[in-house]
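Below is one structure; the comments refer to it alone.
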Amino acid sequence: MLELARRAGAKILQTSTSEVYGDPKIHPQIESYWGNVNPIGVRSCYDEGKRAAETLMIDYYRQYNIDIKIARIFNTYGPRMALNDGRVVSNFIIQALKNEPLYVYGNGSQTRAFCFVSDIVDALILLMNNKYNLPINLGTPDEHTILDFAKYIIELTNSKSEIIYKELPSDDPMQREPDISLAKEKLNWEPKVSLEEGLLKTIQYFKERI
Ligand code: UDP
């Protein structure tokens, strides 16, 4: 794709990921942090794949000066996400709507910050129309533990579900929250949709489909 972009003189966007920071030792994560990634763990093909892609993007930028954009997207959710992607937002909402148990991995003290899809789309459009060529975090600084998140989904769905604890998958990052100062400065952007508003829309979407 980089070669095609070079030949066509096109802009190219990599939708990278907060996973490039691995299980971060710096909190919240800033773009200049190099990360703490296991190169041979179960998540490595994803993490290192995304990191290698960033390297290729930057090399093409250095060598051919092509107009690259690298968005490090943190946890994102919203209507039209796959029902069976096995990730926390879809799992918890479906389990809660069916009054089945919600399975919290580990003790639920790990954190994530969930950004609504329309905010990320706005940011990606702004990024594509911007001259900035280095990696930029996109997400929300609204951090929650997974246990609190489970309780919140139960509350918003008026569910009778209980919470059951399961083993924590290996290399599951313990904390994750973006520092979005750079996006604020370069793109004049910050998320607008609250977690409550975004989750209610997402719950409605799932309700219509299960
Ligand atoms: N998680 C959980 N129950 C689930 C799915 C995920 O407790 O049914 C936890 C998972 O261990 C992780 C967090 O929720 O700590 C977010 O997981 P997800 O796969 O959605 O995203 P990622 O780990 O890539 O941020």
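First listed ligand is number 1; within each ligand, the first listed atom is number 1.
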> Hey, does Met174 sit under 4.0 Å from ligand 1 if you only count heavy atoms?
Replying inline: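 Judged by the 4.0 Å heavy-atom criterion, Met174 does not count as contacting ligand 1.
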> Are Phe92 and ligand 1 in contact, using a heavy-atom cut-off of under 4.0 Å?
Replying inline: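 Yes; Phe92 lies near enough to ligand 1 that a heavy-atom distance drops under 4.0 Å.
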Proximal atoms of ligand 1 relative to [X] (non-hydrogen, under 4.0 Å):
X: Asn91; answer: 4 (C), 5 (C), 8 (O)
X: Arg87; answer: 18 (P), 19 (O), 20 (O), 21 (O), 22 (P), 24 (O)
X: Asn75; answer: 21 (O), 22 (P), 25 (O)
X: Val104; answer: 7 (O)
X: Arg43; answer: 22 (P), 23 (O), 24 (O)
X: Arg176; answer: 22 (P), 24 (O), 25 (O)
X: Asp172; answer: 10 (C), 11 (O), 12 (C), 15 (O)
X: Tyr103; answer: 2 (C), 3 (N), 4 (C), 7 (O), 8 (O)

Any salt bridge linking [X] with [Y]? Criterion: basic side-chain nitrogen under 4.0 Å from a carboxylate oxygen.
X: Lys192; Y: Asp122; value: yes
X: Lys201; Y: Glu197; value: yes
X: Asp172; Y: Arg112; value: yes
X: Glu48; Y: Arg43; value: no

> Going by side-chain heavy atoms closer than 4.5 Å, which hydrophobic residues are tied to Leu168, directly or by a chain of links?
Replying inline: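 Tyr103, Tyr105, Ile164, Met174, listed by chain and number.
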> Where the closest heavy atom to atom 14 (O) of ligand 1 is concerned, which of Val88, Asp47, Thr145, Thr111 has it?
Replying inline: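 The nearest heavy atom belongs to Val88.
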>> Considering Gln95, Glu167, Gln110 one by one, which has a heavy atom nearer to atom 9 (C) of ligand 1 than any of the others?
In response: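 Ranked by closest heavy atom to atom 9 (C) of ligand 1, first place is Gln110.
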>> Going by the rule side-chain contact (heavy atoms from CB on, under 4.5 Å), which residues pair with Arg6 if we only count those two or more places apart in sequence or in a different chain?
In response: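 For Arg6, the residues satisfying side-chain contact (heavy atoms from CB on, under 4.5 Å) (neighbours in sequence not counted) are Glu3, Tyr60, Tyr64, Ile66.
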> With a 4.5 Å limit on heavy-atom distance, are the side chains of Leu199 and Ile153 in contact?
Replying inline: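 Yes, close enough: below the 4.5 Å cut-off.
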>> Ignoring hydrogens and geometry beyond distance, is a side-chain donor-acceptor pair present between Asn36 and Asp23 at under 3.5 Å?
In response: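 No.
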